[in-house]
Amino acid sequence: MLKLAILPGDGIGVEVTKQALRVLEKVKEVYGVEYSCSEGLIGGKAIDETGSPFPQQTKDLVKQCDAVLLGAVGGPKWEKAGSVRPEKGLLEIRKYLQLYANLRPIKCWKYLIDQSPFKNEKVEGVDLLIVRELTGGAYFGSRGTEIKDNIERAFDTIEYNEKEIRRLVKIAFDLAGQRRKKITSVDKANVLDTSRLWRKIVEEEATGYSEISLNHMYVDNCAMQICSNPAQFDVIVTENMFGDILSDQASVLGASLGMLPSASIGEGPALYEPAHGSAPDIAGQDKANPLATILSVAMMLRISFKLFDAAKAIEKAVDIVLKRGLRTADIWLPRDTCVGTCAMGDAVLREIV
Ligand code: IPM
Ligand code: MG
């Protein structure tokens, strides 16, 4: 029996996890996957109910489960200056579970190619994986704000040690070995010391993977090449903040951030979540695209539970639904049928056979 912790969080997180769980329930019927779910608090809702964005009871819950499914956190309600932010809960759970590798697969969905803002021939064949470092860098370095001589200043520091880089890079090389055997390591080694260390460790690790071709790319150049020649990329490995920025940018190659799932892995239970946020502007209106979360469940079945057929069945169901022309608002064109969050969930679970 697999134990899942469900952390819906805030905004559309609640709606999209609900649909993902319905899909999982269908997978249970068809593939006989046995699991149990316990729900926990994270983000703004957790602040409201406990005062903390990642309360002790959620810590206890996720420590004893096999995998975590998370919706999204954040919203204007918790953005007041000086108060604790829901996003802190997300950073804390990543650190607490040592989820140092974040995998974001981006592909050009055949039936969404016209929704992409790029020319069809540019995005055709795009199939890349961003491997983002998730527990280091500017997100976790020393920081502060102070007033000195009547001038307010703030600082955040990027810090990495060789162990943090090496363990992440190994995962990226292993994953590249299962794909097209090409790695692009993204850094800013022309300016940053952390990037120079990054590049050195990547070079060292590469000697153990002779079958994989490696190139280095500066992050500014990479941002440009994601637009000009995205099909060149197989695995992109990069540090935390570069990965955050590049993955939102690259998600548009696959039509919408609403299509981008993610898996965060470390030593213990892994965490699966859509790469998008809580979208407070459309929360509670049945407008959100649940497919990124549904596809995150497919990643969970594949990575945590090695249930490859069940994972494939979900991805295939998504493809069929898109082929039939069903679209949530973020991926809709006038020739398609616009559906809400629930109807999209219904459509996907009907196709799981
Ligand atoms: C992401 C998000 C988070 C991040 C935010 C919500 C803290 O943008 O998962 O990409 O910056 O890591
Ligand atoms: Mg982000």
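Because the structure is predicted, anything quoted here is derived from the model rather than measured. When reading the values below, keep in mind they use all heavy atoms of this one structure, side chains included, and skip hydrogens, waters and symmetry mates. For ligands, and for the atoms within them, numbers begin at 1 and follow the listed sequence.
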Could you give me the CA-CA distance, side-chain angles and deciding distance for Asp60 and Gln56, then say whether side-chain hydrogen bond (donor to acceptor under 3.5 Å, both in side chains) is met?
CA-CA 6 Å; Asp60 297 341; Gln56 188 59 45; 2.9 Å; yes

Give a yes or no answer on whether the side chain of Arg327 reaches the backbone of Thr337 with a donor-acceptor pair at less than 3.5 Å.
no

Looking only at side-chain N and O atoms, does Ser278 offer a donor or acceptor that is under 3.5 Å from a partner on Asp10?
no

Partner of Asp127 under salt bridge (charged side-chain N to carboxylate O under 4.0 Å, His left out), picked from Arg179, Lys182, Lys107, is Arg179

Mind counting the protein N, O or S atoms sitting less than 2.8 Å from the Mg ion (ligand 2)?
1

Taking atom types as modelled and ignoring hydrogens, do the side chains of Ser142 and Glu159 form a donor-acceptor contact shorter than 3.5 angstrom?
yes

Between Phe305 and Ile6, is there a shared hydrophobic cluster once you connect ILVMFWY residues whose side-chain heavy atoms come closer than 4.5 Å?
yes

With under 30° as parallel and over 60° as perpendicular, where do the rings of Tyr209 and Phe173 fit, or are they tilted in between?
parallel

With no hydrogens and no angle check, just 3.5 Å: does a side-chain donor-acceptor pair link Thr135 and Glu133?
yes

With Lys188 as the cation and Phe242 as the aromatic partner, state whether NZ or CZ is under 6.0 Å from the six-membered ring centre and within 45° of the axis.
no

Give the protein residues with at least one non-hydrogen atom closer than 4.0 Å to an atom of ligand 1, ordered by chain and number.
Glu87, Leu90, Arg94, Arg104, Arg132, Tyr139, Asp244

